[in-house]
Chemist: 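This is the structure, below, for whatever I ask next.
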Amino acid sequence: MFYFVLKRIALLVPIFFGVTIMAFGFIRMLPGDPVAALAGERDMTPERHAEIMLKLGLDKPVWQQYLDYIWNLLHGDFGTSVLTNRPILDEFLELFPATIELGLTAMILAVVIGVPIGIFAAVKRGTLYDQGIMGISLVGYSMPIFWWGLLLIILFGGVWGLTPISGRISFLFDVETVTGFLLIDALLSGEEGAFASAMHHMILPTIVLGTIPLAIIARQTRSAMLEVLSEDYVRTARAKGLSPLRVYGLHALRNAMITVITVIGLQVGTLMAGAILTETIFSWPGIGKWIIFSVFSRDYYAVQGGLVLIAMIIMSVNLVVDLLYGMINPRILHTSS
Amino acid sequence: MSLLEIRNLSVEFETVKGTFRAVDGVDLSIGENDILSIVGESGSGKSVSMLAVMGLLPWTANVTADKMEFEGRNLLTLSSKERRKIIGQDISMIFQEPMSSLNPCFTVGFQIGETLKEHLGLDRNARKKRAIELLDLVGIPAPEERLKAFPHQLSGGMSQRVMIAMAIACNPKLLVADEPTTALDVTIQAQIIDLLVNLQNEKGMALVLITHDMGVVAETAKRVVVMYAGQQVEQQEANGLFATPHHPYTHALLDALPERSLGLDRLPTIEGIVPGAGDRPDGCLFSPRCKYVQDDCRASVPPLENISDTTLRCFHPVDLEGQAT
Amino acid sequence: MDSVADTPRKSMLRQNLAEFWYYFSESKSAVVGLAFLAGIILMAIFADFIAPHDPTIQYRECLEHAPAWGEEKCNFIFGTDYAGRDMLSRIIYGTRLSLVAGGIVVLLCLSVGIVFGLLAGFFRGWVDTTIMRIMDTIMSVPGLLMALVLVAILGPGLLNAMIAISITYLPHFVRLTRSSYITESSKEYVIASKVAGAGRFRIMFITILPNCMAPLIVQGTLSFSTAILDTAALGFLGMGAQPPAPEWGTLIAENRDLMLSAPWTVTFPGLAILLAVLAINLMGDGLRDALDPKMKRS
Ligand SMILES: Nc1ncnc2c1ncn2[C@@H]1O[C@H](COP(=O)(O)OP(=O)(O)OP(=O)(O)O)[C@@H](O)[C@H]1O
Ligand SMILES: [Mg+2]
């Protein structure tokens, strides 16, 4: 198990360098004069140009620039936003909780619904239930989520007026930021209705962001279960006279979970991509909206920093999932003994 | 009185290419403390017929029988809840592939204890004590430590011993052993068979032993059922079967044993192959390969008949009052 | 000579195709998907004849006109957009852009992916390591984000969006080619042809590659549908096809302000995306079941 962990971490090192080289190269591949692009200023005097070049270190050889860049990264310096003049990391950390909050609720929705219906479809395979569930999840899987979001806004927000259609909380509340997670902050504030309002605002974005992971998880759970159900040990469990709940819910599911956990872990990337669209549609003040905004306002250091940070987050989550995989898979956990 | 009584058991599978009859008209009866052996080539429906008794076939299977009773209770009409009380407690089964028959995610102790809890309702300590006792009984050294082992840490023979321990946990009245040694080393095979026979003796349970190995049959079984392409072709006492096999297939099967063909240059073989789903002949299924085949064999299927103490499916049995008629 | 060698090969191909079709047509939904896709392709080709209006003409007297059927004035089945253009015609013409974008992405990925995958699988060693680490890097960033960054470098536009999307999908194709190449290359028939003295490239492309195609075709089909989705998403974000091009995602973006007052302008283009993607995915599922011998059994 120890070697397993070590090996997994070692695998991430080249990817870390790959991502940093990519992010580093990104700035240098921008069209036009990099100095102008990075400074965000136009019509500079030659003196100003030289000054900025010096400040950004663009006069040094490329390899040294890269080393400096890595050095800064390792010290938590992801550059400074040209727009706000604040450190990228600060901006990122400020907005990140909103994205986590949304991502987590979407993931919970996807897992809580996706896994059981996947199991159900597998157990009832070939029946109308199975076909219905798989049909609907294929539709979910094929969904252009930006349109799905707009459609929900038209129906729930416009036609029926049931839910708010943008932001995280009603402007009537002024919740103090403690953790950055609005649901928690709203509870802490003790303001009546704040929590309910925050929840209310989450409904549509959660559905939109959760749709594709939900569909994928349902499909993959079903196929993992089908594979497991044909295994000999499931037959053994049935031969013991155990109830279907125990046979499917314990013996089969426990094995299927090994695959499903990995699938769930892989959804983090899907969630980040989905967050870009979902946050844009619902004016959700998170990382996704921030990245889009940075791209449009040519705040390239922000894009660069966001790229590296997001890649690192996804890498860490994948590492955790890998370790979890090792922990629930006895073949890996108990090999040294 | 017989423990398990089966009349005319058939199993059909729904497949993409139509229905396939894997078991076709099997009659069995096994008394308390009895050993019955089922032999036949691969694919002859041995496993499927016993899985049908256990109710373990997948949903694509369609099981029919005139009679399928265990201790006088009709297994066909039993609700699945009532069936689960019998399965695992009074009837239990061990399988061909010990390595894949244990759940890789749970410890040996858990998997044995689970049966004890389900059927006997033992508490934690009692379960542990009984599990150690069982592992000891099936000849596993250091049973206490083994309880914590996961299946991938066990060898094939060890796994099969665990499977046996699990199967006899609730002192079943009938144990079905489906080729319990096929996947194991030759040296281990004899040990496992010995273990099974000893347990059968000590516990006084009935044993259905499915096997390819005629040697094992000769040593252990009291009665033998011979199956061919899903059909039961012959059933008689083991001694009688080895002395005077009546069905041409049994005859050929025994002739193909190395120890019976001493002095011959080559081992006799049975020409041809077992008919598959598509190429079933009309009439007797063995007719294309039978040395004694006659016209009526090709025309219609022989019925299962009782002739003295032998059950036979053949128009022209061998060695019955002399020669093939 | 030629005909002797060719005949068995041709008949074998025909037999394989027949077998493939047998398994494929077993799934009704896959056939429905295929038929629907064929319909969409025809619609794209004959857009000039099918579309009731020119997609760029602005009917000033019919701005944001609701869907209407059989009316004297402003008879637009799917309504008109903010500039009075016929939504139906724009969607029909949009089919072309989406299908072409999806198709080109798949072709790019297949050709480049196969080459890199074969190189990695054939040379192993540092070539393999380098290629695979680059692919890992690309995969460590969410596809849409990666595409956005690439478009930021290349500049917005449909062509650049296609290139960017291709790059984000490339790792799947490289990995797939590499792993099936490695599996296949240890099989007997490859050793046999090596013994027979076949050259490196012959072995790589003619002996082994055809046997690696099945999973690549399935991956290609699935990427076709995601490429359509991602092209639309980039269009929606303003980084893909630029107005007035009637790309489906762009259509949604340009009418987004009207979504509450004129919901048809947003609803129909999205429905078009959903249906097209759904049809391709249905077909892809059928293809996978028909081509993947492991799945065939169950
Ligand atoms: N789930 C199933 N669906 C379709 N056919 C099946 C299924 N299970 C078994 N069969 C078929 O039923 C026939 C009998 O199989 P069975 O497993 O009983 O053979 P067997 O006598 O036990 O052979 P072996 O000695 O190899 O174990 C085989 O032809 C097999 O292909
Ligand atoms: Mg068997």
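Lettering of chains follows the sequences in order, A, B, ..., and the numbering in each one begins at 1.
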Chemist: According to ring-ring contact (aromatic ring centres under 6.0 Å, His included), who are the partners of B/Phe106, at least two apart in sequence or on a separate chain?
Modeler: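 Partners of B/Phe106 under the ring-ring contact (aromatic ring centres under 6.0 Å, His included) test: A/His251, B/Phe110.
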Chemist: In terms of heavy-atom pairs under 4.5 Å, which option from A/Ser243, A/Ala237, A/Pro244, A/Ala239 contacts chain B the most?
Modeler: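 Max contact count across the listed options: A/Ala239.
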Chemist: Assess the residue pair B/Met166 and A/Thr236 against the criterion (side chain to side chain contact (heavy atoms under 4.5 Å, CB included)); give the C-alpha distance rounded to whole Å, side-chain angles, the decisive distance to 0.1 Å, and a yes or no.
Modeler: CA-CA 10 Å; B/Met166 225 155 71; A/Thr236 309; 3.6 Å; yes
Chemist: Heavy-atom cut-off 4.5 Å, strictly under: side chain, backbone, both or neither for A/Ser230 against chain B?
Modeler: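 A/Ser230 has no heavy atom closer than 4.5 Å to chain B.
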Chemist: Quick check on the interface: out of B/Gly88, B/Gly55, B/Ser100, who has the most heavy-atom pairs with chain A under 4.5 Å?
Modeler: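 Most pairs with chain A among the choices: B/Ser100.
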Chemist: Which answer fits B/Ser92, side chain, backbone, both or neither, if we ask what part of it has an atom under 4.5 Å from a heavy atom of chain A?
Modeler: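 Answer is neither: B/Ser92 stays 4.5 Å or more from chain A.
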Chemist: For residues 75-87 of chain B, which residue pairs qualify under salt bridge (charged side-chain N to carboxylate O under 4.0 Å, His left out), counting only residues two or more places apart or in two chains?
Modeler: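 Listed by first then second residue: nothing to list.
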Chemist: Given that the side chain runs from C-beta out, which part of A/Leu229 has a heavy atom under 4.5 Å from chain B: side chain, backbone, both or neither?
Modeler: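 Interface part for A/Leu229: neither.
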Chemist: By side-chain contact (heavy atoms from CB on, under 4.5 Å), which residues pair with B/Ile140, not counting sequence neighbours?
Modeler: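 B/Ile140 satisfies side-chain contact (heavy atoms from CB on, under 4.5 Å) with B/Leu135, B/Val138, B/Arg146, B/Met158, B/Arg161, B/Val162 only.
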Chemist: Measure the spacing between CZ of A/Arg238 and CG of B/Leu57 and express it to the nearest 0.5 Å.
Modeler: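 So the gap between those two atoms works out to 8.0 Å.
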Chemist: Answer yes or no: are there more than 12 heavy-atom neighbours, outside A/Met199 itself, under 6.0 Å from its atom CE?
Modeler: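 For A/Met199, atom CE is not crowded (no more than 12 foreign heavy atoms under 6.0 Å).
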Chemist: With respect to B/Asn103, which candidate in A/Leu250, A/Asn255, A/Val234, A/Asp232 satisfies the side-chain contact (heavy atoms from CB on, under 4.5 Å) definition?
Modeler: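 Between B/Asn103 and the candidates, side-chain contact (heavy atoms from CB on, under 4.5 Å) is satisfied uniquely by A/Asn255.
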Chemist: Counting only heavy atoms from other residues, nucleotides and ligands, does the tally under 6.0 Å from CD of B/Glu145 exceed 12?
Modeler: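 Result for CD/B/Glu145: open.
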Chemist: Only heavy atoms, only distances under 4.5 angstrom. Which residues in residues 111-121 of chain B are near chain A?
Modeler: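 B/Gln111, B/Glu114, B/Thr115, B/Glu118, B/His119 fall under the 4.5 Å cut-off.
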Chemist: Hey, what do you get for CE (B/Met93) to CZ (A/Arg235), rounding to the nearest 0.5 Å?
Modeler: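 Answer rounded to 0.5 Å: 6.5 Å.
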Chemist: Given the options B/Leu102, B/Ile86, B/Ile87, which has more heavy-atom pairs under 4.5 Å with chain A than any of the others?
Modeler: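 Highest number of heavy-atom pairs under 4.5 Å: B/Ile87.
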Chemist: Looking at chain B, which one of A/Arg254, A/Glu231, A/Lys240 has the largest number of heavy-atom pairs inside 4.5 Å, strictly under?
Modeler: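 Answer, by heavy-atom pair count under 4.5 Å with chain B: A/Lys240.
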